Amino acid sequence: MTLTAEMVKKAAFKAGCGDIGIANIERFKNAPRGMHPKNIFPDCKSVICIVQPIPRGSYRGIIEGTHWNNYTFFAYGKLNTLYRPLVGYETSCFIEDNGYEAVLLLSLIHI
C-alpha cells in the first residue's frame with residue numbers, strides 16, 4: 001500500500017498534533033555537514049515535523065511576574081517530554097504499520 005502525505009497528516013492530527021509539515025529529503029541538500037537527516041537515517045526520503053502549540057495561559061505568570069513554574073513544568077517540561085513524544089510515537093507507529101520505517105527524534109535532542 002502506498003502511504004501518502006495526507007494519510008500521515010491525518011494520523012498525526014488524530015494523535016493530537018497541533019500542526020505538521022512534510023518535506024522531501026531534497027530540501028536538505030545544502031544542509032551543513034553533520035546536520036543532514038540522512039546522517040540519522042541513510043534511507044530517509046522525507047522529514048516530518050510535528051508542532052505542538054504552547055497554551056497562552058502558560059505564559060501568564062511570566063508576563064505578570066507572578067508564577068514562572070507553570071511554564072517551566074508544563075509548557076517546556078511536559079510538552080517536550082510527554083505530549084510531543086506521544087504524538088510522534090503514535091505517528092511513527094502508523095507509518096511503520098503501513099510498511100515503512102520511521103525514526104523519532106525528541107525535540108530535546110540537538111544534533
Side-chain angles (χ1 to χ4, degrees):
M1 178 172 121
T2 300
L3 187 61
T4 66
E6 194 58 41
M7 292 165 69
V8 172
K9 288 178 181 182
K10 186 175 179 182
F13 282 116
K14 182 178 178 186
C17 87
D19 205 357
I20 182 172
I22 302 175
N24 186 294
I25 195 63
E26 292 303 315
R27 294 208 47 186
F28 298 88
K29 67 181 176 191
N30 295 322
R33 182 173 165 76
M35 299 295 286
H36 198 288
K38 286 195 174 221
N39 292 345
I40 299 164
F41 188 48
D43 295 331
C44 176
K45 296 192 191 301
S46 299
V47 175
I48 301 169
C49 183
I50 293 174
V51 178
Q52 286 298 113
I54 298 172
R56 176 153 172 19
S58 297
Y59 291 107
R60 203 83 203 225
I62 294 172
I63 293 168
E64 297 173 1
T66 57
H67 184 68
W68 290 72
N69 299 353
N70 193 50
Y71 172 77
T72 305
F73 180 73
F74 172 75
Y76 183 80
K78 288 294 183 195
L79 205 59
N80 284 323
T81 62
L82 178 64
Y83 300 115
R84 201 170 309 163
L86 284 174
V87 171
Y89 175 76
E90 288 185 33
T91 305
S92 295
C93 287
F94 172 80
I95 292 167
E96 294 204 342
D97 287 347
N98 282 279
Y100 296 86
E101 289 186 78
V103 176
L104 177 61
L105 294 179
L106 293 176
S107 59
L108 300 175
I109 297 174
H110 299 282
I111 301 169

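Note that the structure is a prediction, hence the values are computed from the model and not measured.
- Atom CD1 of I62 and atom NE2 of H67 lie 10.0 Å apart (nearest 0.5 Å).
- Nearest approach of P85 to L104, heavy atoms of both residues: O-CD2, 4.0 Å.
- No more than 12 heavy atoms of other residues, nucleotides or ligands sit less than 6.0 Å from atom CD of E6.
- Atom CE of M35 is separated from atom CD1 of I40 by 8.5 Å, given to the nearest 0.5 angstrom.
- Rounded to the nearest 0.5 angstrom, S92 OG and D97 CG are separated by 10.5 Å.
- Of all heavy-atom pairs between T91 and A15, the closest is OG1-CB, 4.3 Å.
- Cluster note: V47 groups with I25, F28 through ILVMFWY side-chain heavy atoms spaced under 4.5 Å, whether in direct contact or through intervening members.
- The list of ring-ring contact (aromatic ring centres under 6.0 Å, His included) pairs with a residue in residues 36-66, not counting sequence neighbours, reads Y59-Y71.
- Scanning all heavy atoms of the two residues, the minimum distance from N80 to R84 falls at OD1-NH1, 2.9 Å.
- Other residues, nucleotides and ligands contribute at most 12 non-hydrogen atoms within 6.0 Å of the NZ atom of K45.
- Of all heavy-atom pairs spanning G18 and P53, the tightest one is CA-CD, 3.6 Å.
- Contact check for I20 versus V8: side-chain heavy atoms found under the 4.5 Å cut-off.
- Shortest non-hydrogen contact noted between S46 and I22 is CB-CG2, 4.1 Å.
- Counting all heavy atoms, side chain and backbone alike, T2 lies closest to Y100 at CA-OH, 3.9 Å.
- If you chain together hydrophobic residues whose side chains sit under 4.5 Å apart, M7 and I48 fall into the same group.
- No side-chain heavy atom of L86 sits less than 4.5 Å from a side-chain heavy atom of Q52.
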